[in-house]
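One structure is given here, and the rest of the page talks about it.
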Amino acid sequence: FLGEAYWDTTIGIDWLGEILGKPPSTALLKARLVEAALTVPGVASAACYLSALTDRGVTGQIQVVANETGQVSAASFAVINPQGG
């Protein structure tokens, strides 16, 4: 979430202001998730795969490639809006 990191409140994804409770496009979701992944030191590239997008949540996976080794790592995620769409 944007502002969640107490050492730098400018990083994160603006879920509350830009995504949750609104009908965001899949392109916007993927772009924001990839942008956030690319801010991690040592990440050369990132790709986002959405597995489910409903009016109350989104699930998927972010895959990143390491700068130095080229190793691919993946992290699954699920975000649910408790207030609905």
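Note that these values count all heavy atoms, side chains included, but never hydrogens, waters or copies made by symmetry. Nothing fancy with the numbering, it's 1 onward along the sequence. What you are looking at is a predicted structure, and each value in this text was computed from that prediction instead of being measured.
- In this structure T26 satisfies the side-chain hydrogen bond (donor to acceptor under 3.5 Å, both in side chains) test with no other residue, sequence neighbours excluded.
- Of the inter-residue distances, the one linking I62 atom CD1 with L50 atom CG reads 8.0 Å to the nearest 0.5 angstrom.
- Residue C48 holds its SG atom at 11.5 Å from CD of E35, rounded to the nearest 0.5 Å.
- Remark: side-chain polar atoms of S51 are paired, donor with acceptor, to backbone N or O of T59 under 3.5 angstrom.
- The closest donor-acceptor contact from the side chain of T39 to the backbone of A36 lies under 3.5 Å.
- Taking 4.5 Å as the limit, every side-chain heavy atom of V64 sits out of range of all side-chain heavy atoms of V72.
- With hydrophobic clusters built from ILVMFWY side chains whose heavy atoms lie under 4.5 angstrom apart, V34 shares a cluster with V43.
- Grouping the Ile, Leu, Val, Met, Phe, Trp and Tyr side chains by contacts below 4.5 angstrom, directly or via other members, places Y49 apart from V58.
- Considering all non-hydrogen atoms of both residues, Q61 and F77 come closest at N-CE2, 3.4 Å.
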